[in-house]
Amino acid sequence: MERILVIGANGQIGSELVDALAAKHGAENVIAADIGPRSLYGAKMYEVIDVLNAERLIAIAEQYQITQVYQLAALLSATAEQAPLKAWTLNMDGLLNILELARLRGEVSKPLKVFWPSSIAAFGPNTPSQDTPQFTVMDPSTIYGISKLAGERLCEYYFKKYGIDVRSIRYPGIISYKSPPGGGTTDYAIAIFYAALRGESYPCFLEAETTLPMIYMPDAIRATILLMDAPADKLSIRSSYNVAGLSFNPQELALVIKQNLPGFDIHYVPDSRQAIAASWPQSMDDTIARNDWGWKAEIDLQYLVIDMLRNLKISQPSQIGLTIAA
Ligand code: AKB
């Protein structure tokens with residue numbers, strides 16, 4: 001039986017992963033944790049945890065007899081540029097604390113199995129941008145990307161030196177409707193839906209033809225659980241796996257939204273996030289993930305747009321200015 005701790009449970013991935021893990025392992029076996037008060041989700045237990053507090057992590061792991069940890073607490077690319085030192089500390093020391101926790105638990109019971117998210121941000125301007133290979137030039141130019149690349153090296157180091165079963169995905173930009181945009185460069189592709197449903201012209205902070213790798217949340221959750229369920233001896237990558245979903249640019253996304261909401265309009269006011277996006281890949285080669293653990297994305301742009309529009313109206317009515325009937 002697994003006992004799973006999800007740190008960063010109130011965030012974009014965390015809030016949906018907790019529900020998926022609770023459905024799979026039982027709500028009583030998932031402990032959601034974050035630095036603030038709990039959000040609503042399927043876990044029965046919630047703990048306020050600062051991932052920078054190593055002693056508290058050790059105490060919680062002992063109290064709940066934790067066997068797996070998902071360490072999702074991080075600052076994303078655009079927010080991290082506003083506070084580089086804070087981002088470095090949270091992103092790096094947070095991961096190190098969890099890897100150390102996994103190792104130390106091995107001294108009293110079994111080492112913990114760990115999931116940690118990397119990102120397409122670990123690549124940089126000299127990376128081949130089309131079908132970016134698993135192994136290639138990695139010269140990230142954001143503090144977020146640098147923390148992701150360093151984190152990947154740490155994961156592989158802890159696997160090789162201490163045998164820690166750590167698994168990771170280089171997520172594309174994740175699109176979802178349950179939590180509002182959270183400081184990422186790819187988040188234009190979430191914010192655009194809020195504007196569309198409010199009947200506003202969307203001021204896009206990226207240029208019209210800025211193509212980026214993206215993935216819809218259900219595919220991202222499926223990939224995460226597929227990787228965590230894969231037999232350890234099938235995994236050839238212990239840094240982080242390339243995973244592809246779909247690739248599109250703001251103009252292409254706006255076109256599909258317009259097909260569903262004919263009055264929708266977009267205009268372009270690129271800001272500092274344009275340079276970040278321009279340094280990232282446009283599409284990913286995920287052959288190794290496909291071969292090692294059977295990954296294949298399922299969701300296309302048409303489905304994503306229709307599903308986002310339908311669900312945002314239901315899950316975020318106040319954010320998009322809808323009044324709910326009493
Ligand atoms: C961001 O835009 O910062 C994230 C990411 C690609 O890791 N969504």
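Atoms within a ligand are numbered from 1 in the order they appear, just like the ligands themselves. All heavy atoms count here, side chains included; hydrogens, waters and symmetry mates do not.
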One finds that the ligand 1 atoms under 4.0 Å from a non-hydrogen atom of W280 are 1 (C), 2 (O), 3 (O), 6 (C)
Please check: side-chain N/O of S129 versus main-chain N/O of Q282, any donor-acceptor pairing under 3.5 Å? no
What are the atoms of ligand 1, with element, lying closer than 4.0 Å to any heavy atom of L76? 3 (O)
For the pair Y241 and W293, evaluate ring-ring contact (aromatic ring centres under 6.0 Å, His included) and give the outcome as yes or no after the intermediate values. CA-CA 10 Å; Y241 277 95; W293 40 279; 5.5 Å; yes
To which protein heavy atom is atom 8 (N) of ligand 1 closest, and what is the distance rounded to 0.1 Å? T186 OG1, 2.8 Å
Does the side chain of Y216 come under 3.5 Å of the side chain of E298 through a donor N or O and an acceptor N or O? no
Looking at Y303, I want to see if its OH is surrounded by more than 12 non-hydrogen atoms of other residues, nucleotides or ligands under 6.0 Å. no
Looking at D286 and K296, is any side-chain nitrogen of the basic one under 4.0 Å from a carboxylate oxygen of the acidic one? no
At less than 4.0 angstrom from any non-hydrogen atom of I120, what atoms of ligand 1 do you find? 6 (C)
Should you measure from each heavy atom of S77, which atoms of ligand 1 turn up under 4.0 Å away? 1 (C), 2 (O), 3 (O)
Checking contacts here: is it the side chain or the backbone of D187 that comes within 4.0 Å of ligand 1, counting heavy atoms only? Could be both or neither. neither
Other residues, nucleotides and ligands only: do more than 12 of their heavy atoms fall within 6.0 Å of CD on Q63? yes
Number the atoms of ligand 1 from 1 as they appear, then name those within less than 4.0 Å of a heavy atom of S119, with their elements. 5 (C), 6 (C), 7 (O)
Taking only heavy atoms of T185 into account, list the atoms of ligand 1 that are under 4.0 Å away from them. 1 (C), 2 (O), 3 (O)
